[in-house]
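In this chain, numbering begins with 1 at the start of the sequence shown. Just follow the structure's listing: the first ligand is 1, and inside any ligand the first atom is 1. Side-chain atoms are counted along with the backbone in the values below, which use heavy atoms only and exclude waters and symmetry mates.
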Amino acid sequence: MKTAIFPGSFDPITIGHFDIVERASPLFDKIIIAIGQNSQKKYMFTLDQRMEFIKKTFKDFPNVEVDSFEGLTIDYCRSKDVNFILRGLRNPADFEFEKAIAQTNRELTQDNKIETIFLLTSASKSFISSSIVREIISFKGNYEILVPDSVRV
Ligand code: ADP
């Protein structure tokens, strides 16, 4: 079974994330959207809220699941026996950042290589980020057009 893990903070999920998962779901038997929890990091939404937003968003996608994890993504992949990490690329900055992480992850998984699969963002969504959405929410702006309907504050 070909399973991919889509790791991220998803604070909150945006229509950019949705686009990546929607386009990847026919390519894999299963996609696990995995919310990385870092105890040092401050989030706008609690883990439960972020999970709920994602669950509702993908309720009609039978091969999309939601989970959370702490620690290294590759350790989480191993615990789930998954060899593919899915990531989205928006711009050259994403590429440079993601390249270093993906290559490191390959080095760290000598025995059983974990491959990172990248999808380019759709042009109309490449400017969207969770941090911009949080900024708009904090100033009571019209964030709704940037997130799935399930995300409401
Ligand atoms: P992280 O904290 O790991 O960057 P994010 O939730 O910001 O977590 O992003 C998770 C993944 O989704 C990353 O691969 C990121 O590049 C991708 N992503 C974020 N926003 C978009 C977007 N607008 N279009 C496509 N991919 C995106």
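- Neither the backbone nor the side chain of D11 comes within contact range of ligand 1; no heavy atom lies under 4.0 Å.
- Linking Ile, Leu, Val, Met, Phe, Trp and Tyr whenever their side-chain heavy atoms come within less than 4.5 Å leaves I20 and V82 in two separate clusters.
- Counting heavy atoms under 4.0 Å from ligand 1, residue F127 does not touch it at all.
- Ligand-side atoms of ligand 1 in range of D94: 16 (O), range being under 4.0 angstrom from any heavy atom.
- The cluster map of Ile, Leu, Val, Met, Phe, Trp and Tyr, joined by side-chain heavy atoms under 4.5 Å apart, puts F118 and I5 in different clusters.
- Scanning the protein heavy atoms around atom 24 (N) of ligand 1, the nearest turns out to be T121 OG1, 3.0 Å.
- The protein atom (non-hydrogen) at minimum distance from atom 2 (O) of ligand 1 is S9 OG, 2.8 Å.
- Of all atoms in ligand 1, listed by their number and element, those nearer than 4.0 Å to a heavy atom of G16 are 22 (C), 23 (N), 24 (N), 25 (C).
- Taking the six-membered ring for Trp and the full ring otherwise, the centers of Y143 and F139 sit at least 6.0 Å from each other.
- A salt bridge between K80 and D67 is present, with a side-chain N of the basic residue lying under 4.0 Å from a carboxylate O of the acidic one.
- Across all non-hydrogen atoms, the minimal contact from G88 to F6 is N-CE1, 4.2 Å.
- Between I15 and P148, the closest side-chain pair of non-hydrogen atoms falls below 4.5 Å.
- For R90, a nitrogen or oxygen atom sits less than 3.5 Å from a nitrogen or oxygen atom of ligand 1, counting backbone and side chain alike.
- Within the set F10, F118, F97, the minimum heavy-atom distance to atom 6 (O) of ligand 1 is found for F10.
- If you look at K125 next to ligand 1, the close heavy atoms, those under 4.0 Å, all belong to the backbone.
- Among all non-hydrogen protein atoms, the one lying nearest atom 26 (N) of ligand 1 is I20 CG1, 3.5 Å.
- Taking a cut-off of under 4.0 Å to the non-hydrogen atoms of R87, the atoms of ligand 1 that pass are 3 (O), 4 (O), 10 (C), 11 (C), 13 (C), 14 (O).
- The residue S129 has no part lying near ligand 1, judged by heavy-atom distances below 4.0 Å.
- A single hydrophobic cluster is not seen to contain both Y43 and I54; linkage of ILVMFWY side chains at heavy-atom distances under 4.5 Å, directly or through other members, places them apart.
- Because its NZ or CZ atom is not both nearer than 6.0 Å to the ring centre of F127 and within 45° of the ring axis, R90 does not count as a cation-pi partner of that residue.
- Listed by number with element, the atoms of ligand 1 under 4.0 angstrom from any heavy atom of P7 are 10 (C).
- Here the heavy atom of the protein found nearest to atom 15 (C) of ligand 1 is G88 O, 3.8 Å.
- Relative ring orientation between F58 and F18 is described as parallel, the plane-to-plane angle staying below 30° on a 0-90° scale split at 30° and 60°.
- Looking at H17 next to ligand 1, an N or O pair under 3.5 Å apart turns up.
- Close contacts of ligand 1 with F6, meaning ligand atoms under 4.0 Å from a residue heavy atom, involve 11 (C), 12 (O).
- Residues V64 and I32 fall into different hydrophobic clusters, defined by Ile, Leu, Val, Met, Phe, Trp and Tyr side chains chained together at heavy-atom separations under 4.5 Å.
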